[in-house]
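None of these values were measured; they are calculated from a predicted model. We number each residue from 1, following the sequence as shown. Whatever order the structure lists them in is the order used to number ligands and atoms, beginning at 1.
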Amino acid sequence: MPRIVTVGAAQLGPIARAESRAQVVSRLVALMRQAKEAGCDVVVYPELALTTFFPRWYMEDQCEIDSFFEREMPSAETAPLFALAKELGIGFHLGYAELVQGGTRTRRFNTAILVDKSGAIVGKYRKVHLPGHAEHEPHRAFQHLEKRYFEVGDLGFPVWRSFGGIVGMCICNDRRWPETYRVMGLQGVELVLLGYNTPLHNPPDPGHDALGLHHNTLVMQAGAYQNGTWVVGVAKAGLEEGVMHIGQSQIISPSGETVAMCSTLGDELAVARCDLDRTVPYKSTVFNFARHRRPEHYQLISTRVGAIPPAD
Ligand code: CDV
(Lines give C-alpha, C1' and ligand atoms only; values in the text may rest on other atoms or scores of the structure.)
Protein backbone atom coordinates (compact mmCIF):
# COMPACT_ATOMS: atom_id res chain seq x y z
CA MET A 1 0.00 0.00 0.00
CA PRO A 2 1.51 3.39 -0.95
CA ARG A 3 1.65 5.90 1.89
CA ILE A 4 0.03 8.92 0.31
CA VAL A 5 -0.04 12.29 2.08
CA THR A 6 -1.81 14.90 -0.01
CA VAL A 7 -0.11 18.22 0.70
CA GLY A 8 -1.34 21.75 -0.02
CA ALA A 9 1.34 24.44 -0.32
CA ALA A 10 -0.70 27.50 0.71
CA GLN A 11 1.23 30.46 -0.64
CA LEU A 12 0.25 33.88 0.67
CA GLY A 13 0.38 37.13 -1.24
CA PRO A 14 1.54 40.25 0.59
CA ILE A 15 0.26 41.09 4.09
CA ALA A 16 0.01 44.82 4.73
CA ARG A 17 1.25 46.22 8.04
CA ALA A 18 -2.27 47.49 8.73
CA GLU A 19 -3.88 44.07 8.17
CA SER A 20 -5.30 42.64 11.41
CA ARG A 21 -4.74 39.08 12.64
CA ALA A 22 -8.44 38.42 12.01
CA GLN A 23 -8.09 39.50 8.37
CA VAL A 24 -5.05 37.29 7.86
CA VAL A 25 -6.66 34.31 9.60
CA SER A 26 -9.67 34.64 7.28
CA ARG A 27 -7.27 34.30 4.31
CA LEU A 28 -5.71 31.22 5.93
CA VAL A 29 -9.17 29.77 6.55
CA ALA A 30 -10.12 30.25 2.88
CA LEU A 31 -6.97 28.41 1.80
CA MET A 32 -7.64 25.63 4.30
CA ARG A 33 -11.15 25.12 2.90
CA GLN A 34 -9.72 25.05 -0.63
CA ALA A 35 -7.13 22.49 0.50
CA LYS A 36 -9.81 20.29 2.01
CA GLU A 37 -11.79 20.39 -1.24
CA ALA A 38 -8.63 19.36 -3.07
CA GLY A 39 -8.32 16.33 -0.76
CA CYS A 40 -5.36 17.57 1.26
CA ASP A 41 -4.26 15.90 4.51
CA VAL A 42 -2.11 18.87 5.51
CA VAL A 43 -1.87 22.50 4.44
CA VAL A 44 1.44 24.37 4.71
CA TYR A 45 1.52 28.14 5.35
CA PRO A 46 4.61 30.38 5.08
CA GLU A 47 7.11 31.79 7.57
CA LEU A 48 5.66 34.57 9.80
CA ALA A 49 2.28 33.93 8.21
CA LEU A 50 0.21 36.06 10.59
CA THR A 51 1.78 39.47 9.90
CA THR A 52 3.77 41.44 7.42
CA PHE A 53 7.50 40.60 7.37
CA PHE A 54 8.33 43.14 10.10
CA PRO A 55 12.16 42.59 10.27
CA ARG A 56 12.36 44.89 7.24
CA TRP A 57 11.92 47.82 9.65
CA TYR A 58 14.25 49.14 12.35
CA MET A 59 12.22 49.62 15.53
CA GLU A 60 13.27 50.58 19.05
CA ASP A 61 9.90 50.67 20.78
CA GLN A 62 9.53 47.24 22.39
CA CYS A 63 5.72 47.53 22.48
CA GLU A 64 5.68 48.15 18.74
CA ILE A 65 8.02 45.19 18.16
CA ASP A 66 5.98 42.90 20.39
CA SER A 67 2.78 43.74 18.51
CA PHE A 68 4.03 41.37 15.79
CA PHE A 69 4.48 38.46 18.24
CA GLU A 70 2.09 35.78 19.56
CA ARG A 71 2.09 35.16 23.31
CA GLU A 72 0.10 31.93 23.06
CA MET A 73 -0.87 29.43 20.41
CA PRO A 74 -3.70 29.00 19.78
CA SER A 75 -4.67 32.56 20.66
CA ALA A 76 -8.10 34.14 20.47
CA GLU A 77 -7.31 35.29 16.92
CA THR A 78 -5.85 32.00 15.66
CA ALA A 79 -8.37 29.71 17.40
CA PRO A 80 -10.66 29.61 14.29
CA LEU A 81 -7.86 27.97 12.34
CA PHE A 82 -7.46 25.20 14.90
CA ALA A 83 -11.23 24.73 15.14
CA LEU A 84 -11.59 24.46 11.36
CA ALA A 85 -8.70 21.98 11.14
CA LYS A 86 -10.46 19.77 13.67
CA GLU A 87 -13.85 20.16 11.97
CA LEU A 88 -12.48 19.35 8.49
CA GLY A 89 -9.95 16.75 9.66
CA ILE A 90 -6.95 18.45 8.07
CA GLY A 91 -3.55 19.25 9.55
CA PHE A 92 -1.51 22.41 9.08
CA HIS A 93 1.93 23.97 9.40
CA LEU A 94 2.08 27.61 10.49
CA GLY A 95 4.97 30.05 10.87
CA TYR A 96 4.69 32.91 13.38
CA ALA A 97 6.71 35.13 15.71
CA GLU A 98 6.71 33.55 19.19
CA LEU A 99 7.11 35.48 22.45
CA VAL A 100 7.92 33.34 25.48
CA GLN A 101 7.44 34.89 28.90
CA GLY A 102 8.61 33.31 32.11
CA GLY A 103 11.80 32.73 34.05
CA THR A 104 14.10 35.70 34.20
CA ARG A 105 13.61 37.11 30.70
CA THR A 106 11.36 37.31 27.69
CA ARG A 107 12.49 35.32 24.66
CA ARG A 108 11.47 35.76 21.05
CA PHE A 109 11.75 33.21 18.26
CA ASN A 110 10.86 32.78 14.60
CA THR A 111 8.76 29.65 15.02
CA ALA A 112 6.73 27.06 13.11
CA ILE A 113 4.26 24.51 14.46
CA LEU A 114 2.81 21.30 13.08
CA VAL A 115 -0.85 20.66 13.88
CA ASP A 116 -2.48 17.28 13.29
CA LYS A 117 -5.96 16.48 11.99
CA SER A 118 -7.45 16.68 15.49
CA GLY A 119 -6.29 20.30 15.80
CA ALA A 120 -3.56 19.41 18.32
CA ILE A 121 -0.04 20.85 18.12
CA VAL A 122 2.30 17.90 17.60
CA GLY A 123 5.57 19.70 16.87
CA LYS A 124 7.37 23.01 17.25
CA TYR A 125 10.50 24.27 15.52
CA ARG A 126 12.42 27.53 16.14
CA LYS A 127 14.52 28.98 13.32
CA VAL A 128 18.24 28.31 13.70
CA HIS A 129 19.81 30.15 10.74
CA LEU A 130 18.79 33.77 11.31
CA PRO A 131 19.93 35.89 8.37
CA GLY A 132 20.53 39.62 8.28
CA HIS A 133 21.89 41.96 10.94
CA ALA A 134 21.18 43.32 14.44
CA GLU A 135 21.85 47.04 14.02
CA HIS A 136 20.28 49.68 11.79
CA GLU A 137 22.00 49.78 8.38
CA PRO A 138 20.57 52.91 6.74
CA HIS A 139 22.45 52.35 3.47
CA ARG A 140 20.17 49.38 2.70
CA ALA A 141 17.02 49.85 0.62
CA PHE A 142 15.30 47.93 3.45
CA GLN A 143 16.45 46.23 6.62
CA HIS A 144 16.65 42.53 7.47
CA LEU A 145 16.76 42.61 11.28
CA GLU A 146 16.07 38.99 12.21
CA LYS A 147 19.24 38.99 14.33
CA ARG A 148 17.78 41.94 16.30
CA TYR A 149 14.29 40.60 16.89
CA PHE A 150 14.84 36.85 17.34
CA GLU A 151 17.08 34.50 19.30
CA VAL A 152 18.63 31.51 17.57
CA GLY A 153 16.24 28.57 17.90
CA ASP A 154 16.95 26.24 20.82
CA LEU A 155 15.10 23.11 19.74
CA GLY A 156 17.47 21.69 17.12
CA PHE A 157 15.96 19.99 14.06
CA PRO A 158 13.63 17.33 15.51
CA VAL A 159 11.29 15.12 13.47
CA TRP A 160 7.85 13.80 14.39
CA ARG A 161 5.82 10.72 13.50
CA SER A 162 2.74 12.28 11.96
CA PHE A 163 0.52 11.93 8.88
CA GLY A 164 1.69 8.31 8.55
CA GLY A 165 5.33 9.28 8.12
CA ILE A 166 8.31 11.13 9.59
CA VAL A 167 7.90 14.90 9.34
CA GLY A 168 10.40 17.70 9.98
CA MET A 169 10.35 21.49 9.74
CA CYS A 170 12.73 24.33 9.04
CA ILE A 171 12.25 28.01 8.20
CA CYS A 172 13.32 30.11 5.23
CA ASN A 173 17.09 30.72 5.41
CA ASP A 174 17.51 27.25 7.00
CA ARG A 175 16.66 25.83 3.57
CA ARG A 176 19.94 27.11 2.13
CA TRP A 177 22.07 25.06 4.55
CA PRO A 178 22.79 21.39 3.83
CA GLU A 179 23.12 20.68 7.55
CA THR A 180 19.43 21.47 8.03
CA TYR A 181 18.27 18.63 5.79
CA ARG A 182 21.06 16.26 6.80
CA VAL A 183 20.29 16.47 10.54
CA MET A 184 16.68 15.57 9.73
CA GLY A 185 17.80 13.07 7.08
CA LEU A 186 19.84 11.23 9.71
CA GLN A 187 16.59 10.84 11.67
CA GLY A 188 14.85 9.35 8.61
CA VAL A 189 12.78 12.37 7.63
CA GLU A 190 10.31 11.77 4.79
CA LEU A 191 8.54 15.13 4.56
CA VAL A 192 10.16 18.51 5.29
CA LEU A 193 7.80 21.49 5.62
CA LEU A 194 9.09 25.05 5.42
CA GLY A 195 7.94 28.60 4.80
CA TYR A 196 9.89 31.56 3.44
CA ASN A 197 9.90 35.36 2.96
CA THR A 198 12.60 36.01 0.38
CA PRO A 199 13.03 39.51 -1.05
CA LEU A 200 13.91 39.61 -4.73
CA HIS A 201 16.61 42.19 -3.96
CA ASN A 202 19.57 41.11 -1.85
CA PRO A 203 21.08 44.35 -0.40
CA PRO A 204 24.43 42.82 0.69
CA ASP A 205 25.09 41.64 -2.90
CA PRO A 206 22.61 42.70 -5.61
CA GLY A 207 24.50 40.39 -7.97
CA HIS A 208 22.32 37.59 -6.54
CA ASP A 209 19.05 39.27 -7.51
CA ALA A 210 18.73 37.67 -10.95
CA LEU A 211 19.34 34.24 -9.41
CA GLY A 212 16.82 34.36 -6.53
CA LEU A 213 14.36 31.90 -8.05
CA HIS A 214 17.14 29.60 -9.22
CA HIS A 215 18.73 29.46 -5.76
CA ASN A 216 15.35 28.87 -4.13
CA THR A 217 14.68 25.80 -6.25
CA LEU A 218 18.30 24.65 -6.22
CA VAL A 219 18.64 24.38 -2.44
CA MET A 220 15.29 22.68 -1.84
CA GLN A 221 15.76 20.19 -4.69
CA ALA A 222 19.28 19.37 -3.45
CA GLY A 223 18.04 18.90 0.12
CA ALA A 224 15.26 16.60 -1.08
CA TYR A 225 17.43 14.43 -3.31
CA GLN A 226 20.46 14.16 -1.03
CA ASN A 227 18.29 12.99 1.86
CA GLY A 228 15.62 11.05 -0.03
CA THR A 229 12.77 13.18 1.30
CA TRP A 230 9.82 15.23 0.12
CA VAL A 231 10.31 18.99 0.62
CA VAL A 232 7.47 21.51 0.64
CA GLY A 233 8.56 25.16 0.44
CA VAL A 234 5.90 27.87 0.75
CA ALA A 235 6.37 31.59 0.12
CA LYS A 236 4.89 34.81 1.27
CA ALA A 237 5.12 36.38 -2.15
CA GLY A 238 4.62 39.61 -4.03
CA LEU A 239 5.01 43.30 -3.29
CA GLU A 240 4.71 43.69 0.48
CA GLU A 241 5.10 47.20 1.90
CA GLY A 242 7.24 48.23 -1.07
CA VAL A 243 9.49 45.14 -1.05
CA MET A 244 9.09 42.48 -3.76
CA HIS A 245 9.27 38.85 -2.61
CA ILE A 246 9.72 35.73 -4.70
CA GLY A 247 6.96 33.15 -5.04
CA GLN A 248 7.32 29.75 -6.73
CA SER A 249 6.12 27.82 -3.69
CA GLN A 250 6.74 24.23 -4.59
CA ILE A 251 6.48 20.57 -3.67
CA ILE A 252 9.59 18.53 -4.44
CA SER A 253 9.85 14.76 -4.57
CA PRO A 254 12.74 12.66 -3.21
CA SER A 255 14.07 12.49 -6.79
CA GLY A 256 14.70 16.24 -6.53
CA GLU A 257 11.99 17.00 -9.08
CA THR A 258 9.43 19.72 -8.48
CA VAL A 259 5.99 18.15 -8.91
CA ALA A 260 3.78 21.16 -8.13
CA MET A 261 4.45 24.90 -8.10
CA CYS A 262 2.51 28.14 -7.61
CA SER A 263 2.46 30.40 -10.63
CA THR A 264 1.21 33.69 -9.13
CA LEU A 265 2.48 36.05 -6.43
CA GLY A 266 -0.80 35.95 -4.50
CA ASP A 267 -2.79 33.63 -2.26
CA GLU A 268 -2.62 30.32 -4.15
CA LEU A 269 -2.70 26.62 -3.39
CA ALA A 270 -0.42 24.07 -5.09
CA VAL A 271 -1.31 20.45 -4.38
CA ALA A 272 0.56 17.16 -4.73
CA ARG A 273 -0.10 13.58 -3.69
CA CYS A 274 3.14 12.71 -1.90
CA ASP A 275 3.83 8.98 -1.67
CA LEU A 276 6.16 8.68 1.31
CA ASP A 277 7.34 5.32 -0.01
CA ARG A 278 9.04 7.15 -2.88
CA THR A 279 11.69 8.01 -0.28
CA VAL A 280 12.66 4.34 0.01
CA PRO A 281 14.63 3.85 -3.25
CA TYR A 282 16.81 6.85 -2.35
CA LYS A 283 17.25 6.02 1.32
CA SER A 284 18.07 2.38 0.55
CA THR A 285 20.47 2.81 -2.40
CA VAL A 286 22.52 5.89 -3.31
CA PHE A 287 21.77 7.61 0.03
CA ASN A 288 21.86 4.55 2.27
CA PHE A 289 23.62 6.43 5.05
CA ALA A 290 24.56 3.32 7.07
CA ARG A 291 26.37 1.81 4.07
CA HIS A 292 27.86 4.78 2.29
CA ARG A 293 28.34 7.78 4.59
CA ARG A 294 31.87 8.21 5.97
CA PRO A 295 31.49 10.45 9.03
CA GLU A 296 34.94 9.51 10.32
CA HIS A 297 36.40 11.32 7.31
CA TYR A 298 34.15 14.35 7.74
CA GLN A 299 35.51 14.60 11.29
CA LEU A 300 39.09 14.83 10.04
CA ILE A 301 38.14 17.48 7.53
CA SER A 302 36.09 19.56 9.95
CA THR A 303 39.07 20.03 12.32
CA ARG A 304 40.73 21.88 9.44
CA VAL A 305 37.80 24.15 8.61
CA GLY A 306 39.07 27.72 8.39
CA ALA A 307 42.66 26.53 8.09
CA ILE A 308 43.13 27.39 4.44
CA PRO A 309 46.46 26.02 3.23
CA PRO A 310 49.05 28.78 2.66
CA ALA A 311 49.64 29.91 -0.92
CA ASP A 312 52.80 28.57 -2.57
N1 CDV B 1 13.37 35.24 5.83
C2 CDV B 1 14.58 34.82 5.41
O3 CDV B 1 15.23 34.02 6.05
N4 CDV B 1 15.01 35.35 4.23
C5 CDV B 1 16.31 35.05 3.68
C6 CDV B 1 16.82 36.20 2.88
C7 CDV B 1 17.20 37.35 3.74
C8 CDV B 1 18.03 35.85 2.05
C9 CDV B 1 16.29 33.81 2.80
O10 CDV B 1 17.19 32.98 2.95
O11 CDV B 1 15.43 33.70 1.94
Heavy-atom nearest neighbour in the protein, as seen from atom 7 (C) of ligand 1, with distance rounded to 0.1 Å: H144 CE1, 3.2 Å

Which of the ligand 1 atoms, numbered from 1, are nearer than 4.0 Å to a heavy atom of E47: 1 (N)

Electrostatic pair R17-E64, nearest N-O below 4.0 angstrom: yes

Proximal atoms of ligand 1 relative to E146 (non-hydrogen, under 4.0 Å): 1 (N), 2 (C), 3 (O)

For F53, the ligand 1 atoms whose distance to one of its heavy atoms is below 4.0 Å: 1 (N)

Side-chain ion pair, E98 and R126, N-O less than 4.0 Å: yes

Distance flag, aromatic centroids of F82 and F92, threshold under 6.0 Å: yes

Y196, portion touching ligand 1 at heavy-atom distance under 4.0 Å: neither

Nearest neighbour in protein (non-hydrogen) for atom 11 (O) of ligand 1: T198 OG1, 2.6 Å

Salt-bridge present (K127, D174; N to O < 4.0 Å): no

K127 contact mode with ligand 1 (heavy-atom cut-off under 4.0 Å): side chain

Sub-4.0 Å atoms of ligand 1 with respect to non-hydrogen atoms of N197: 1 (N), 2 (C), 4 (N)

P131 to ligand 1, any heavy atom closer than 4.0 Å: yes

Ligand 1 contact by H129, heavy-atom criterion under 4.0 angstrom: no

Check: F54 ring centroid to F69 ring centroid under 6.0 Å: yes

Protein heavy atom at shortest distance from atom 10 (O) of ligand 1: R176 NE, 2.6 Å

Whether Y58 and H136 hold their rings parallel, tilted or perpendicular, with breakpoints at 30° and 60°: parallel

Protein heavy atom at shortest distance from atom 2 (C) of ligand 1: C172 SG, 2.8 Å

Salt-bridge criterion met for E151 and R105 (N-O under 4.0 Å): yes

Gap between atom CG of L84 and atom CD1 of I90 - 0.5 Å precision: 8.0 Å

